[in-house]
Amino acid sequence: MVNVATTRLDRTKVARTALDLLNETGLEGLTLRAIAKELDVKAPALYWHFEDKQALLDEMATEMMRRMSADFLAEPDPDWRVAIRTSMRGMREHLLRYRDGARVYSGTHFTDLSYAAPLEAHLRTLTEAGFTQPAAARAWSTAYSFTIGHVIEEQAPGPDEDGGGGLAARAERLAAYPLAAAAGEELFRAHDRGFAAGLEAVIAGIGATLAAPDTA
């Protein structure tokens with residue numbers, strides 16, 4: 001006997017629905033039951049495809065990678081600095097499309113090889129620029145980790161949202177620590193400027209510590 005509910009679904013459809021729902025619920029509110037309701041099926045039907053929420057998050061992250069690959073990751077610029085800058089800017093922009101997008105994406109395991117071709121292309125750009133294979137991998141990992149970590153912090157509740165009374169109240173609490181108090185604007189509001197400056201620092205660091213001398 002064919003299960004009608006499962007024939008209407010596949011993993012990609014469920015993941016896409018979950019990503020659409022994420023902006024309404026956030027990560028904490030995203031449940032298999034809520035997704036089943038959105039798909040107009042019974043929750044047990046989803047367990048044919050995902051044994052638990054982590055399995056769903058893995059598929060959601062993979063779908064995000066598929067979209068990033070199609071959008072901007074597939075053909076990196078031959079200049080390694082431009083390639084990293086463009087890819088990390090694109091990744092940040094993409095993660096910000098989803099509420100808690102970076103938290104969904106980080107710490108997951110891809111369910112297919114959609115990540116492999118863009119990763120290979122970026123590592124080839126780096127090695128053709130003179131990086132050793134280990135240095136190329138470290139360069140990519142460093143920029144990638146910075147970007148995901150920045151967006152996680154960017155999407156976390158700040159003083160204006162977490163009941164802390166905003167930056168003015170924060171500064172008042174930190175009156176004895178003037179530098180820490182003054183850092184609030186940069187840490188919690190200047191996200192675009194902060195990301196751009198941080199990424200340039202990462203790229204400069206990669207050039208100074210990992211690139212071959214003639215490409216640094």
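Quick caveat, the model's predicted, so the values are computed rather than measured.
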- Message: Less than 4.0 angstrom from a charged side-chain N to a carboxylate O is my criterion; do E185 and R170 meet it?
- Response: no
- Item | Other residues, nucleotides, ligands: >12 heavy atoms within 6.0 Å of R99 CZ | yes
- Message: Is it the case that the ring center of F146 lies less than 6.0 angstrom away from the ring center of H150?
- Response: yes
- Taking T147 for its side chain and A143 for its backbone only, find out whether a donor-acceptor pair lies under 3.5 Å. yes
- Any chance you could measure T86, atom OG1, to R81, atom CZ, to the nearest 0.5 Å? 13.5 Å
- Path from L27 to M64 over hydrophobic side-chain contacts below 4.5 Å: yes
Show me the side-chain donor-acceptor pairs of residues 70-78 shorter than 3.5 Å, one per line, residues at least two apart or across chains.
residue : atom : partner : partner atom : Å
D71     : OD2  : R97     : NH2          : 3.4
D77     : OD1  : D79     : N            : 2.8

- Message: Within this structure, what is the CZ-CG distance for the pair F50 and L32, rounded to the nearest 0.5 Å?
- Response: 8.5 Å
- Query: Between K13 (side chain) and L39 (backbone), is there a donor-acceptor pair under 3.5 Å?
  - Reply: no
- Going hydrophobic residue to hydrophobic residue with side-chain gaps under 4.5 angstrom, can you get from V151 over to Y115? yes
- Message: Quick one, E153 and H191 - any side-chain contact, counting heavy atoms below 4.5 Å?
- Response: no
- Query: Who pairs with Q54 by side chain to side chain donor-acceptor pair (under 3.5 Å), at least two apart in sequence or on another chain?
  - Reply: D58
- Heavy-atom check, side chain of Y98 versus side chain of V104, under 4.5 Å: no
- Message: Grouping I, L, V, M, F, W and Y whenever their side-chain heavy atoms are under 4.5 Å apart, do L187 and F195 come out in a common cluster?
- Response: no
- Message: Would R11 and E63 count as a salt bridge (charged side-chain N to carboxylate O under 4.0 Å, His left out) here? Give the steps.
- Response: CA-CA 10 Å; R11 292 173 62 89; E63 177 60 20; over 6 Å; no
- Task: Would you give the length of the straight line joining atom OH of Y105 to atom CG of L95, rounded to the nearest 0.5 angstrom?
- Result: 7.0 Å
- From CG (L210) to OG1 (T142), nearest 0.5 Å: 6.5 Å
- Would you give the length of the straight line joining atom CG of L126 to atom OG1 of T132, rounded to the nearest 0.5 angstrom? 10.0 Å
- Task: Following the transitive rule for hydrophobic clusters with a side-chain heavy-atom cut-off under 4.5 Å over Ile, Leu, Val, Met, Phe, Trp and Tyr, establish whether M60 and L113 coincide in one cluster.
- Result: yes
- Ion pair D192/R92, N-O distance below 4.0 Å: yes
- Query: What's the spacing between S114 OG and R67 CZ if we round to 0.5 Å?
  - Reply: 12.0 Å
- Item | Short side-chain to backbone donor-acceptor contact, T62 and T111, under 3.5 Å | yes
- Would you check, one step at a time, whether the test side chain to side chain contact (heavy atoms under 4.5 Å, CB included) holds for E59 with T108? CA-CA 9 Å; E59 190 64 36; T108 52; over 6 Å; no
- Should we count NZ of K37 as having more than 12 external heavy atoms under 6.0 Å? no
- Answer yes or no: is there an ion pair linking R124 with E120, defined by an N-O contact shorter than 4.0 Å? yes
- Query: Under 3.5 Å, side chain of Q155 to main-chain N/O of G101, donor-acceptor pair present?
  - Reply: yes
- Item | side-chain hydrogen bond (donor to acceptor under 3.5 Å, both in side chains) partners of residues 20-30, not counting sequence neighbours, each pair once | E28-R103
- Cluster question for you: counting only ILVMFWY and a side-chain heavy-atom cut-off of under 4.5 Å, with indirect links fine, are V82 and I206 together? no
- Whether S141 side chain and A137 backbone form a donor-acceptor pair below 3.5 Å: no
- Item | Chi angles and distances behind the side chain to side chain contact (heavy atoms under 4.5 Å, CB included) call for I35, L56 | CA-CA 11 Å; I35 297 164; L56 172 63; 3.2 Å; yes
